[in-house]
Protein chains: 2
Amino acid sequence: MVRSTNSRRPATLASLAAELGVSRTTVSNAYNRPDQLSPELRKRVLDTARRLGYPGPDPVARSLRTRKAGAVGLLLTENLSYAFRDPAAVGFLEGLALACEDADHGLLLIPANPEHEDVAAVHSAGVDGFVVYSVPDDDPHLAAVMERPVPTVICDQPSLPEIDRVGIDDGAAIKELARHLIELGHRKIGVVCMRLARLRNDGPASPERQSRANFHVQRARLTALSEAFAEIGVDWEQVPVIERFDHTTESGGSAAAQLMELDPEITAIICTSDILALGALSEVRRQGRRVPQDITITGFDGIDDAERVGLTTVRQPVLEKGRAAGRLLLDSAESSGKPREVLLETQLVTGSTAGSPRSVEERWFGP
Amino acid sequence: MVRSTNSRRPATLASLAAELGVSRTTVSNAYNRPDQLSPELRKRVLDTARRLGYPGPDPVARSLRTRKAGAVGLLLTENLSYAFRDPAAVGFLEGLALACEDADHGLLLIPANPEHEDVAAVHSAGVDGFVVYSVPDDDPHLAAVMERPVPTVICDQPSLPEIDRVGIDDGAAIKELARHLIELGHRKIGVVCMRLARLRNDGPASPERQSRANFHVQRARLTALSEAFAEIGVDWEQVPVIERFDHTTESGGSAAAQLMELDPEITAIICTSDILALGALSEVRRQGRRVPQDITITGFDGIDDAERVGLTTVRQPVLEKGRAAGRLLLDSAESSGKPREVLLETQLVTGSTAGSPRSVEERWFGP
DNA sequence: GTGAAAGCGCTAACAC
DNA sequence: GTGTTAGCGCTTTCAC
């Protein structure tokens with residue numbers, strides 16, 4: 001196997017045609033419409049192409065002409081490499097890749113560093129459409145995507161009126177979880193949540209900040225929690241909510257610590273992701289507390305590691321989300337104008353990290 | 001945020017220029033060379049663009065003109081979605097994504113289903129270069145990549161004389177592992193390896209098949225093992241090697257079972273990947289044998305799960321491999337003609353799954 | 001079954 | 001600082 005040449009592109013469709021003494025159309029047909037010319041001629045074309053080191057029609061030129069790139073662009077909130085760190089994101093990617101593969105499309109990961117406002121990468125992506133995965137509603141990259149005259153599907157957030165979307169019912173899902181905790185008897189809880197805005201903020205999130213969150217999913221979950229607990233008379237103003245910018249177990253751990261220091265009386269820590277919950281779990285145990293006897297911890301997502309340690313959480317079909325997003329995008333032909341929305345089912349997973357809170361007496365004097 | 005229009009592309013650089021009564025160059029400059037025109041004019045151009053719903057220069061047309069796509073293509077052995085299942089592949093992807101991000105390039109995952117011979121996806125990828133990750137030397141997609149007149153870097157396999165490559169010294173790495181087992185006293189071993197050719201084969205791999213393997217990495221490891229054991233007088237012809245096509249823990253488990261049935265006397269199972277080893281571990285334990293007291297098991301890669309369970313293995317820097325491959329490709333300008341090779345360091349990880357074999361007496365009558 | 005003509009939308013010299 | 005010219009390499013009616 002020898003590389004034809006390392007130098008400058010040697011031959012074009014036109015030069016090949018000239019060499020052969022046929023028209024460009026014929027050469028083009030040899031590649032794209034074999035039935036439009038005699039097998040002999042086609043063979044002659046292809047053979048000469050090999051001899052001249054002609055690599056076949058240039059994909060970019062073809063794209064320009066056909067107005068198809070054969071690729072789907074993916075925009076993520078985070079550094080590209082982050083996408084490979086978060087199991088939920090990896091699951092989503094897998095599903096999306098599956099859908100692309102089925103439709104013979106490539107998947108272009110777009111470098112959209114959230115720290116930078118530079119949206120050039122979005123502008124220069126040669127794609128037939130975009131999938132946007134969980135970005136803040138004021139993300140400049142998202143705005144750039146919306147400007148591109150190609151179909152777009154958003155997964156999770158934001159929820160835009162005109163745009164196809166796939167997601168879950170975040171509110172309903174976490175409400176089910178909240179009711180589970182309420183039934184167990186929890187009244188004093190604390191919350192650890194992911195970033196609520198594009199600017200870093202690590203610490204307590206006031207109710208104002210919560211309701212002003214630029215991440216629709218986080219906002220929906222917090223709102224639903226407040227509603228669920230309001231139903232039993234808990235004043236949400238008194239519920240500590242700790243925000244973390246980085247989505248890591250370390251963040252989850254430090255947030256849990258901060259929470260317990262802020263209000264030692266809480267009997268449960270609700271985390272808006274499994275990653276955060278896993279970190280909280282470690283931290284709580286490091287402090288010598290038992291779960292769930294001393295404190296209850298819950299997550300969200302249903303990643304493998306969570307199930308492995310028996311975390312009480314909400315399982316969402318991340319792979320299906322990716323696949324649904326890809327399908328929606330690649331079926332855009334059928335899009336009859338009105339935006340479509342796909343809501344996937346979630347499932348409460350009652351693990352071993354949630355239990356009934358002990359009474360204050362029990363806490364101090366044993367069961 | 002409103003999508004300018006959902007209909008057909010409304011404006012082009014030319015129509016914008018006409019509308020403004022300026023030349024196309026000026027409009028182009030407004031986007032690409034702000035310093036080439038007055039700020040006022042630029043503003044007027046951009047404003048009119050917004051008004052007309054002009055989304056900025058078409059990326060494909062620009063690519064055609066500039067001969068740059070701003071993207072790197074990635075070719076994998078497996079279905080795209082597999083890449084997200086294998087932790088080693090995910091690590092590689094992360095590294096590669098990092099390198100691409102640094103260079104403001106996108107990463108295009110190319111759908112190259114190994115079951116199909118259809119290489120159209122390779123032909124239609126608008127990229128500035130390819131990274132090829134661990135494919136068999138007779139892969140038709142690889143051949144298609146080699147035909148494209150763009151730089152290419154291969155990671156792991158195959159090892160082609162003309163092409164830049166990044167990898168590890170597979171032979172040396174596994175030899176170190178082999179010597180470790182030899183020192184522990186193992187003489188009767190069995191091997192579980194990954195696929196050796198493009199066609200499915202699940203079962204024993206003869207020495208001929210081993211040396212004819214289309215996967216350079218597997219071949220190198222098997223050869224090195226045979227050499228290491230030859231040094232102490234072990235006849236490699238007698239060493240059972242079980243091949244598995246699918247790279248899963250299930251495969252590892254069934255292969256281990258097959259191995260033990262084939263030769264109940266083996267005291268160690270060397271697996272050529274952690275995934276296979278993890279599967280072997282489960283199977284062996286399921287059969288009631290203790291590791292390492294009853295049998296020794298080793299892996300290769302150093303994935304998180306392996307370290308978690310204390311697998312004796314070889315750690316290789318998967319993320320660094322991805323990053324190195326990306327850098328090599330994106331630095332191709334500096335490529336002075338002669339192919340470059342980057343070999344990364346590996347490290348023997350002595351975990352808790354390798355120990356001294358018990359004597360036959362001990363096996364039957366206890367220690 | 002084959003060819004001629006007409007661009008797809010853009011950028012880069014170079015001249016003004 | 002702005003415009004003119006000349007393609008980048010290809011596909012696609014539509015005649016022949």
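Note that these values count all heavy atoms, side chains included, but never hydrogens, waters or copies made by symmetry. Proteins come first, then strands; the chains are lettered A, B, ... in the order of their sequence lines, and each starts at number 1.
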Separation of D:dT11 atom P from A:Leu16 atom CG, nearest Å, is 12 Å

For B:Asn32, which contact category applies under a 4.0 Å heavy-atom criterion: base, sugar-phosphate, or nothing? sugar-phosphate

**Prompt:** So do the side chains of A:Asp138 and A:Arg198 get within less than 4.5 Å of each other, counting heavy atoms only?
**Reply:** yes

Atom CG of A:Leu41 and atom C1' of C:dT2 are separated, to the nearest Å, by 9 Å

To the nearest angstrom, the CZ-P distance between A:Arg44 and C:dG1 comes to 15 Å

Looking only at side-chain N and O atoms, does B:Ser23 come under 4.0 Å of OP1 or OP2 in D:dG3? yes

Using a cut-off of less than 4.0 Å, is there contact between a side-chain N or O of B:Arg62 and OP1 or OP2 of C:dC10? no

Heavy-atom nearest nucleotide on DNA chain D taken for B:Pro39 and for B:Ala61; more 5' hit belongs to B:Pro39

To the nearest angstrom, the CZ-P distance between A:Arg67 and D:dT12 comes to 13 Å

Quiz item: Are side-chain heavy atoms of A:Leu13 and A:Ser28 found at a separation under 4.5 Å?
Solution: yes

> Heavy atoms under 4.0 Å, any strand shown: does B:Thr25 hit a base, just sugar-phosphate, or nothing?
Replying inline: base

Which of D:dT2, C:dT11, D:dC10 is nearest the side chain of A:Arg24? It is D:dC10

Testing C:dG3, D:dC10, D:dG3 for proximity to the side chain of A:Arg65, the answer is D:dC10

Could you tell me whether B:Asp156 and B:Arg165 make a salt bridge, using a distance below 4.0 angstrom between a side-chain N and a carboxylate O? no

(request) Scan B:Arg33 against the nucleic acid and name what it touches under 4.0 Å (heavy atoms): base, sugar-phosphate only, or nothing. (result) sugar-phosphate

task: Answer with base, sugar-phosphate or nothing: what part of the nucleic acid does B:Val22 contact at a heavy-atom distance below 4.0 Å?
output: sugar-phosphate

(Q) So, does A:Ser28 get its side chain near the phosphate of D:dC10, meaning an N or O under 4.0 Å from OP1 or OP2? (A) no

Would you say B:Tyr54 reaches C:dC10's phosphate, i.e. side-chain N/O to OP1/OP2 under 4.0 Å? yes

Against the side chain of B:Leu13, the closest entry in C:dA5, D:dG9, C:dT11 is C:dT11

Under a 4.0 Å N-O cut-off, is there an ion pair linking B:Arg195 with B:Glu78?
yes

task: Classify the nucleic acid contact of A:Leu37 as base, sugar-phosphate or nothing, counting any heavy atom under 4.0 Å across all strands shown.
output: sugar-phosphate

Side-chain contact check for B:Pro57: nearest option of C:dC8, C:dT11, D:dC10 is C:dT11

- Could you tell me how the ring of A:Tyr54 sits relative to the ring of A:Tyr31: parallel (under 30°), tilted (30 to 60°) or perpendicular (over 60°)? perpendicular

